[in-house]
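Worth saying up front: this structure is predicted, and the values here are computed from it rather than measured. Each chain gets a letter, A, B and so on, in the order its sequence line appears, and its residues count up from 1.
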Amino acid sequence: MARTTIPTTYDPRQVEVARYRIWKEAGYFRAVPDPARRPWAVMMPLPNVTGELHIGHALNNSVQDVLTRFRRMQGFCALYQPGTDHAGIATQNVVERELAREGLRREDLGREKFQERVWAWVRKYGSIIYSQLERLGISCDWDRKVFTLDPDYSRAVLEAFVRLYRKGLIYRGRHMVNWCPRCETVISDLEVVHEEVDSSLWYVRYPGADGGPGVVVATQRPETILADVAVAVHPADDRYRHLVGTTVLVPLVRRPVPVIADPRVDPAFGTGAVKITPGHDPLDHEIGADHRLPTLVVLDSRGRMTGEAGRYAGLDRLAAREAVAVDLQEAGLLERVEPYRSSVGHCDRCHTVIEPSISDQWFLDVAEMARRAADAIRAGRVRFHPQRWTKVALDWLDGIRPWVISRQLWWGHRIPVWQCAACGERTADTAAPAACPRCGGADLVQDPDVLDTWFSSALWPLATLGWPRDTADLRYFYPTSVLVTDRGIIFLWVCRMIMFGLEFMGEVPFADVYIHPTVLTLTGQRMSKSLGTGIDPLEMADGRGYGADAVRFALISRCSQAQQDMRFGEKMIEDVRNFNTKLWNATRFVLLHLDGFDHRAPAPAPAALSTADRWIRSRHARLAGEVTALLEAYEFDKAARALYDFIWGEFCDWYVEMAKADLQREAGDPVRRHAVQHTLWVVLSRTVQLLHPIMPFITEEVWQLLPHDGPSIMVSPWPQPDPGWVDHQAEAEVAVVKDTIRAIRSLRAELALPPGRRVPVRLRADGPTRAMLERARPYLADLARAEPVHLDDPAVPRPAGCAAAVLPQVEVLLPLAGLVDAAREQARLRKTVDQVEAEIRRLEGRLQDHEFTARAPAEIVAQQRQRAEELRVRARRIRELLEALAAEG
RNA sequence: GGGCGGUUAGCUCAGCGGUUAGAGCGCAUGCUUCACACGCAUGAGGCCAGAGGUUCAAAUCCUCUACCGCCCACCA
């Protein structure tokens with residue numbers, strides 16, 4: 001077999017981009033329904049078209065890619081569905097900011113022109129994220145890219161709306177909603193982020209209409225006093241009972257309003273009396289409605305005071321707050337002001353303070369859908385990993401409220417409802433109706449609003465597969481296998497997909513939900529570009545030259561179900577780069593020793609395998625089983641660690657070193673040579689296959705360099721743990737050999753022996769262990785520079801002048817008279833024997849404890865007895881050594 | 001106000017009822033050993049946040065406390 005020249009160092013940048021192109025052109029990413037194979041599917045959590053790849057995307061997509069590559073190798077027909085989201089508010093904001101730099105507002109362009117402008121933006125920047133995902137090695141089916149405003153997808157959105165409308169679940173209502181005065185649209189409860197803000201509590205006197213002292217109320221928002229319609233107290237509050245039913249005057253405007261009693265007032269807060277402002281507070285709105293009070297509005301859609309606010313008209317909310325406070329002070333009605341910290345709602349997108357506001361909107365009644373979704377989760381038809389998120393999802397579904405689905409934006413799916421100018425009848429349809437179905441009028445006006453972006457994303461698993469059409473994709477891939485996402489969108493997206501999946505398909509959209517940790521900086525801050533605290537995955541891969549593999553492995557290896565957050569830093573990627581180099585060099589070693597090897601020749605007979613060969617095969621069989629089970633259980637950190645420890649700690653540190661000894665000693669034996677070559681090849685090949693889902697590029701390079709069958713590791717069969725490889729005897733034997741080698745090295749280091757110097761060693765052990773060590777002579781010589789090695793029965797008298805270590809099964813002696821400082825040796829051994837004896841006392845104490853021997857399981861008791869016995873033997877040997885040393889001194 | 005996580009070696013984290021609590025990085029010492037100095041070898045470093053409890057046995061289970069973080073919530 002011709003030997004390829006192998007570069008000494010591995011530069012990921014040189015291979016990754018080229019390799020990705022080969023895969024893509026070979027069509028390995030494509031998923032076409034295949035009745036002969038089992039389907040497996042994952043849906044990419046659609047990134048915003050405006051987005052650029054950040055570390056969170058890198059993690060999320062790496063996890064999905066690990067699963068997809070794993071299942072593909074297992075023989076599933078694996079679909080990884082990509083796509084982007086039009087992201088209504090986010091995208092509109094970006095383009096509006098661009099317009100603002102030109103001194104324009106969207107109204108200056110008009111709806112049509114503005115939309116053209118956004119489309120131009122999307123065409124220019126919308127595919128950046130795709131090329132960035134490609135750079136990470138993401139193996140999704142690019143032929144299936146979907147954008148939520150694509151014609152097919154839009155049809156699905158309108159179809160969903162119309163079906164829900166006709167079921168009576170979508171309705172128009174006038175309610176208190178969350179209004180963003182900057183975006184000038186309603187947003188849902190989930191898009192409001194509450195933050196603690198330092199503010200004040202103003203205590204304001206409302207004088208009695210009869211000239212009495214009236215009542216003092218506490219408020220955070222003096223500017224809304226202008227819209228007050230009552231003062232409320234708790235019905236059982238004796239302080240105010242006499243005032244209920246009387247009239248007080250609203251400060252500044254001197255409007256007479258009633259004092260009412262309502263149990264929703266907390267008598268312990270403030271003065272126990274609260275002003276009622278139904279136009280600007282959700283609770284007040286309810287109380288106002290129950291008491292049949294009027295609603296006054298003093299703020300407009302941009303958060304400025306309206307004409308109703310008299311002399312404050314035109315002022316912004318905050319300016320008005322100051323002005324009103326000053327005027328109250330001057331009027332002598334401001335009793336006091338206290339500092340106050342409270343939770344204030346902000347717009348998720350632009351961080352403006354939300355204004356509770358009454359407006360006409362479209363609502364979706366999700367009560368029944370949520371109930372069915374909760375039932376499905378409770379029945380285990382959707383399983384969350386880690387499990388703790390189950391309760392979080394259920395709590396939200398159980399307390400669900402109607403969903404505001406209209407948005408006062410221009411970018412999104414236009415609400416498919418037309419109103420007749422003549423009779424006012426509203427009609428919902430997937431296309432504009434020709435005439436009003438009620439009066440026949442032809443003058444129909446479409447609703448100006450668009451749908452909440454999350455309404456369309458809730459259809460993602462359906463619409464990407466062709467719904468509402470009955471397609472082969474939908475029949476084959478739905479329901480999908482798993483959804484991978486961050487905890488931040490469990491309600492916004494995950495729960496809603498479950499609701500819509502059940503509503504429109506009668507089946508949940510995915511069987512598993514894997515919630516991965518959120519990436520933070522090493523100091524626990526949010527990764528943020530603007531704060532300069534982020535790690536840019538592409539800068540790491542290309543700029544710093546660590547490669548996409550290193551970024552992926554670093555993220556995946558910290559993807560633990562035990563942690564909600566993942567602290568991440570460049571050092572972690574650097575560590576993986578070192579691991580890659582290690583793997584690369586191990587591959588070089590194997591290739592250098594594969595001369596004349598034919599991987600298609602019959603595998604070596606068991607008798608041809610050395611202990612080392614059998615040991616590494618046994619370890620590999622365990623690894624294969626472990627990695628498979630861990631990936632299936634979404635235990636990514638453990639899978640990554642198992643691979644890392646095996647490759648570095650077992651294959652490189654021990655097997656390769658032992659194989660060197662075998663190859664050298666047995667150079668003339670073709671059967672043994674083939675056995676070692678075969679072991680090196682088969683273990684490394686299968687190991688890179690197991691590692692491929694996490695590090696696709698380097699594993700492909702290695703696999704291609706090694707003798708192989710098939711065109712790519714990507715489409716090679718997932719290694720099955722070979723039960724015939726498990727070999728307890730070889731594992732036990734290598735364990736003893738490793739301990740012995742480590743003991744010799746440790747003694748050498750303490751004696752400061754030059755590394756190259758060969759030292760004679762005497763090993764004392766019982767028969768079976770001596771047989772093992774006999775076989776291990778070449779390893780002892782090469783790995784510990786121990787030569788010659790004398791194997792003694794423990795009964796043989798010890799020579800004088802030895803450095804010694806006493807292992808459970810082996811006594812290691814370095815007879816180096818002259819070099820060994822007897823006093824130091826004695827001190828060291830005495831320390832050891834003290835430790836051993838302390839442990840024996842502890843064990844014996846326990847074994848003499850009747851409670852323990854009577855109540856602990858028999859096997860535990862037996863185990864501890866045996867251990868105590870072993871320790872006694874060890875202690876006796878050490879003491880004998882000490883006596884011998886004393887005799888010499 | 002309610003809920004959920006976390007607290008283990010200098011750092012990032014495993015371990016989650018039973019031998020002497022582990023890894024990587026960092027640190028110390030020695031090595032240009034024929035795959036690899038992005039490496040090899042050896043070593044130092046921990047009252048497992050605190051206090052109670054359950055158990056023959058607790059880093060591991062329970063209760064409380066403290067601190068850190070996240071989510072939900074109509075306390076004006």
Please confirm whether the shortest side-chain N or O distance from [X] to OP1 or OP2 of [N] is below 4.0 Å.
X	N	result
A:Arg558	B:C13	no
A:Lys571	B:G26	yes
A:Ser560	B:A14	yes
A:Arg867	B:U19	no
A:Gln220	B:A76	yes
A:Lys638	B:G15	yes
A:Arg567	B:G6	no
A:Gln563	B:A14	yes
A:Ser746	B:G43	yes

Partners passing side-chain contact (heavy atoms from CB on, under 4.5 Å) against [X] (at least two apart in sequence or in another chain):
X	result
A:Val233	A:Tyr240, A:Val244, A:Ala273
A:Thr853	A:His850, A:Val861, A:Arg865
A:Leu296	A:Ala227, A:Val229, A:Arg255

Base, sugar-phosphate or nothing for A:Leu522? Non-hydrogen atoms, less than 4.0 Å.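 Since only primed, P, OP1 and OP2 atoms lie under 4.0 Å of A:Leu522, the category is sugar-phosphate.
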Mind checking if A:Asp281 touches a base, just sugar-phosphate, or nothing, with heavy atoms under 4.0 Å?
nothing
Salt bridge (charged side-chain N to carboxylate O under 4.0 Å, His left out) filter on A:Glu574, not counting sequence neighbours, yields A:Lys571, A:Arg577
When the aromatic ring centroids of A:Trp389 and A:Phe384 are compared, is their separation below 6.0 Å?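 No - the distance between ring centres of A:Trp389 and A:Phe384 does not fall below the 6.0 Å cut-off.
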- Query: Are the aromatic rings of A:His385 and A:Tyr634 close, with centres under 6.0 Å apart?
  - Reply: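 Ring centroids of A:His385 and A:Tyr634 are less than 6.0 Å from each other.
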Assign each of A:Gln863 and A:Lys275 the nucleotide of RNA chain B bearing its closest heavy atom; nearer the 5' end lies the nucleotide of A:Gln863
Quick check on RNA chain B: between A:Arg785 and A:Asp849, whose nearest nucleotide comes earlier from the 5' end?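 So the residue in question is A:Arg785.
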Problem - From CA spacing to verdict: side-chain contact (heavy atoms from CB on, under 4.5 Å), A:Val197, A:His346 - result: CA-CA 11 Å; A:Val197 167; A:His346 295 74; 3.9 Å; yes
Going 5' to 3' through nucleotides 35-41 of chain B and flagging B where a protein heavy-atom sits under 4.0 Å of the base, S where only the sugar-phosphate is that close, and - otherwise, we get BB-BSSS
Next on the checklist: Heavy atoms from C-beta onward define the side chain here; which of B:G24, B:G22, B:G69 lies closest to that of A:Asp575?
Outcome noted: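 Output: B:G24.
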Stems in RNA chain B, runs of 3 or more consecutive Watson-Crick or G-U wobble pairs with both distances under 3.5 Å, sorted by first number, are B:1-7 with B:66-72, B:10-13 with B:22-25, B:27-31 with B:39-43, B:49-53 with B:61-65
_Quick one, A:Thr687 and A:Phe651 - any side-chain contact, counting heavy atoms below 4.5 Å?_
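No; the side chains remain at least 4.5 Å from each other.
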| query | When you check the side-chain N and O atoms of A:Thr523 and A:Gln525, is any donor under 3.5 Å from an acceptor? | reply |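 The criterion, which ignores hydrogens and geometry beyond distance, is satisfied for A:Gln525 and A:Thr523.
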